[in-house]
Amino acid sequence: MPFKKYDKILVINSGSSSLKFMLFSMATETMLAKGLVERIGTPNANLVYQRDGEAKSCQGIAAENHGKALAMACKMLADPDRGVLKSLKDVNAIGHRVVHGAEEFSDSVVITEDVKSSIKKCADLAPLHNPANLDGIVACETVFPNVPNVVVFDTAFHQTMPKHAFMYAIPQKYYDEYRIRKYGFHGTSHKFVTQAAADYLKKPVEELNLITCHLGNGSSIAAIKGGKVLDTTMGLTPLPGMIMGTRCGDIDPAIIFFLARKGMTIDEIDNVLNKESGLMGINGIGSGDMRDTVNAAEQGKSSADNAINMFGHRAALYIGGYYTLLGGADAIIFTGGIGENSAPARKSIVSRLEALGCKLDEAKNKAVFGVTGVISTDTSKTPAIVIPTNEELMIARETFRLLSATLKK
Ligand code: ADP
């Protein structure tokens, strides 16, 4: 019954000038079609569209705002030649990614006016993301007036962190007044791979200690005890923790005062730490991409080689700490563009984990590329496992879960 009522679920990830969409059939968890509208609000807006198993197509469109962008995307989904739906009426539900749910949301939620107001309130903590996410929700409410919308927050999965893990050691009044604390991000991905790891290891999630490493342009690591997050590396914002594509990760916060006293403005420093740091800042080739970094290192560029070592060193530091806090781990999971595909980056991390009983198997590591597979030796006490993430499917599953639960009431 729920599959009939909520089979076709549209997943929307709305950014400030882009709107990504993916349509699933939940009966088989099949992705039917996906696409992206880019440069919304400019004369060069365009729609990239792809049916499952077919090549991408790209066309210029008029999309002055998110509503128009969504309307164009939907037109394609119901196109008689290229579409996958007979009619837009076949869309049963919509799942939205929202970046920040602060302390208000520890789970996904069906959209109401109150929920929208709360998302607006949380925009204080994610000024670039939450308003854009809301634009996508409002657009869907207009195009699909009677279809239920569900929100899945990047922060929600991390809300189980205990206070001693999420508080910063700054005066309490800043938490009381502004809710300055660690929130964590990539929660949808950490949750997806946690469930997938439990399936792979054939154990209930409640009985597992996992360390999940989501390594992409943005990277975060989480310690997961019995399916609940104990700690994670990102914080109030997605800037701290791992060395990322262009973000610095952990640094001495006094570097900010130092640079300010040298005459840089707060905005300039913000830009440097978010957009010019990480791999881009240190690899000597001006690219935040791990592939480029690995290529440069292989051609003998020592700064690129150092960047990969810094990346591995930082990750091992967190994995080791989380291993201790968890009291041991059943597995260390790698996911995200780098975690799934970059054998050299994984080697840089796993080769530093022997003290945890996790030893890299070089041949297996080289062979696992974009698929699930073990990359540690058979005798490793703590296996390292690659599991591809699927945040959109997770959002669709959450949407289905919440709406099916309302049917049972
Ligand atoms: P985002 O955080 O933007 O979603 P991704 O998860 O797509 O990012 O990860 C992007 C990173 O993954 C880049 O550093 C890129 O070099 C790396 N990556 C993607 N594909 C490969 C590949 N085939 N081999 C090595 N690295 C890859």
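Sequence positions, counted from 1, serve as the residue numbers for this chain. Because only heavy atoms are used, hydrogens play no part in the values below, and waters and symmetry mates are left out as well, while side chains stay in. All values derive from a computational prediction rather than experimental measurement.
- A side-chain donor-acceptor contact under 3.5 Å links S117 to the backbone of E113.
- Remark: the backbone N or O of L32 is not paired with any side-chain donor or acceptor of T30 at under 3.5 angstrom.
- Side-chain contact annotation: S342 with R346, donor-acceptor N/O pair under 3.5 Å absent.
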Exercise. Verify salt bridge (charged side-chain N to carboxylate O under 4.0 Å, His left out) between D231 and K182, making sure each step is shown before the conclusion.
Key: CA-CA 9 Å; D231 205 349; K182 180 187 281 197; 2.7 Å; yes
Exercise. Go through H190 and T335 one step at a time and tell me if the side chain to side chain donor-acceptor pair (under 3.5 Å) criterion holds.
Key: CA-CA 9 Å; H190 288 290; T335 196; over 6 Å; no
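- A donor atom on one side chain and an acceptor atom on the other are not found under 3.5 Å apart for D267 and N271.
- When atom types are taken as modelled, the side chain of N341 and the backbone of G337 share a donor-acceptor pair closer than 3.5 angstrom.
- N44 and R39 share no donor-acceptor pair across their side chains, judged by distance under 3.5 Å alone.
- A centroid separation of less than 6.0 Å is found between the aromatic rings of Y183 and H100.
- Only one option out of I221, T382, T324 pairs with I319 in a side-chain contact (heavy atoms from CB on, under 4.5 Å); it is I221.
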Practice problem: Evaluate the side chain to side chain contact (heavy atoms under 4.5 Å, CB included) criterion for residues E276 and T246: first the C-alpha distance (whole Å), next the side-chain angles of each, then the deciding distance (0.1 Å), finally the verdict. | Solution: CA-CA 5 Å; E276 297 175 5; T246 63; over 6 Å; no
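- Between the side chains of H214 and S189, at least one donor-acceptor pair of N or O atoms lies under 3.5 Å.
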Practice problem: Start with the C-alpha distance between D305 and K301, add both sets of side-chain angles, then the distance that settles side chain to side chain contact (heavy atoms under 4.5 Å, CB included), and finish with yes or no. | Solution: CA-CA 6 Å; D305 189 56; K301 187 138 187 111; over 6 Å; no
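- A donor-acceptor pair under 3.5 Å is formed between the side chain of S14 and the backbone N or O of A132.
- Judged purely by atom type and a 3.5 angstrom limit, N209 uses its side chain to pair as donor or acceptor with the backbone of G328.
- In this structure the side chain of R51 never reaches within 4.5 angstrom of the side chain of M76, judged on heavy atoms.
- Here the straight-line distance linking atom CG of L19 with atom CE of M72 works out to 12.5 Å at 0.5 Å rounding.
- The closest donor-acceptor contact from the side chain of S303 to the backbone of N283 lies under 3.5 Å.
- The pair R179-E104 does not meet the salt-bridge criterion, since no charged nitrogen lies less than 4.0 angstrom from a carboxylate oxygen.
- For the residue pair R82 and S57, a side-chain donor N or O sits within less than 3.5 Å of a side-chain acceptor on the partner.
- Pairing each heavy atom of C140 with each of I12, the nearest pair is SG-CG1, 3.9 Å.
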Practice problem: Any chance you could lay out the salt bridge (charged side-chain N to carboxylate O under 4.0 Å, His left out) test for D378 and K364, step after step, and finish with the verdict? | Solution: CA-CA 10 Å; D378 293 342; K364 283 188 194 161; 2.6 Å; yes
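- The environment of K359 atom NZ is sparse: at most 12 non-hydrogen atoms of other residues, nucleotides or ligands sit within 6.0 angstrom.
- A centroid separation of 6.0 Å or more is found between the aromatic rings of H186 and H158.
- Defined by atom type and a distance below 3.5 Å, a donor-acceptor pair is present between the side-chain atoms of S25 and D7.
- For the pair E268 (side chain) and T265 (backbone), a donor-acceptor distance under 3.5 Å is present.
- Inter-residue side-chain proximity for Q172 and M167 is flagged as met; some heavy-atom pair is nearer than 4.5 Å.
- In this structure, Y6 and T399 have side chains that are not in contact, with every pair of non-hydrogen atoms separated by 4.5 Å or more.
- Under the 4.5 Å side-chain criterion, counting only non-hydrogen atoms from C-beta, V84 is in contact with L77.
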Practice problem: Begin with the C-alpha distance, continue with both residues' side-chain angles, and end with the deciding distance and a verdict on side chain to side chain contact (heavy atoms under 4.5 Å, CB included) for L273 and L239. | Solution: CA-CA 8 Å; L273 300 186; L239 187 57; 4.2 Å; yes
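- Within a 6.0 Å radius of OH in Y178, no more than 12 heavy atoms belonging to other residues, nucleotides or ligands are found.
- Smallest separation of non-hydrogen atoms from Y322 and T232: OH-C, 3.0 Å.
- Residues passing the salt bridge (charged side-chain N to carboxylate O under 4.0 Å, His left out) test with E362, sequence neighbours excluded: K347.
- Contact of the I385 side chain with the F334 side chain is not registered, since no non-hydrogen atoms from C-beta on lie closer than 4.5 Å.
- No hydrogens or angles considered: nothing links the side chains of R397 and N390 as a donor-acceptor pair under 3.5 Å.
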Quiz prompt | R97 vs E398, salt bridge (charged side-chain N to carboxylate O under 4.0 Å, His left out): CA-CA, chis, key distance, verdict | solution = CA-CA 11 Å; R97 172 187 182 221; E398 288 286 286; over 6 Å; no
Practice problem: For E64 and K68, run salt bridge (charged side-chain N to carboxylate O under 4.0 Å, His left out): C-alpha distance rounded to whole Å, both residues' side-chain angles, the deciding distance at 0.1 Å, then the answer. | Solution: CA-CA 6 Å; E64 304 92 270; K68 292 273 165 54; 3.1 Å; yes
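- Counting only heavy atoms from C-beta outward, the side chains of L125 and L236 approach each other to under 4.5 Å.
- Side-chain atoms of E38 and S18 form no donor-acceptor pair, as typed in the model, at a separation below 3.5 Å.
- Contact check for I308 versus T293: side-chain heavy atoms found under the 4.5 Å cut-off.
- The side-chain heavy atoms of K191 and E391, taken from C-beta on, include no pair separated by under 4.5 Å.
- For the pair N365 (side chain) and A343 (backbone), a donor-acceptor distance under 3.5 Å is present.
- Under a cutoff of 6.0 Å and an axis angle of 45°, R181 and F166 form a cation-pi pair.
- No donor-acceptor pair under 3.5 Å is formed between the side chain of N149 and the backbone N or O of I137.
- No side-chain donor from either of H129 and S16 sits under 3.5 Å from a side-chain acceptor of the other.
- A donor-acceptor pair under 3.5 Å links the side-chain atoms of T112 to the main chain of V115, judged by distance alone.
- Using modelled atom types and a 3.5 Å distance limit, the side chains of D250 and Y318 yield a donor-acceptor pair.
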Practice problem: Tell me, with the steps shown, if V37 and N46 meet side chain to side chain contact (heavy atoms under 4.5 Å, CB included). | Solution: CA-CA 6 Å; V37 183; N46 75 293; over 6 Å; no
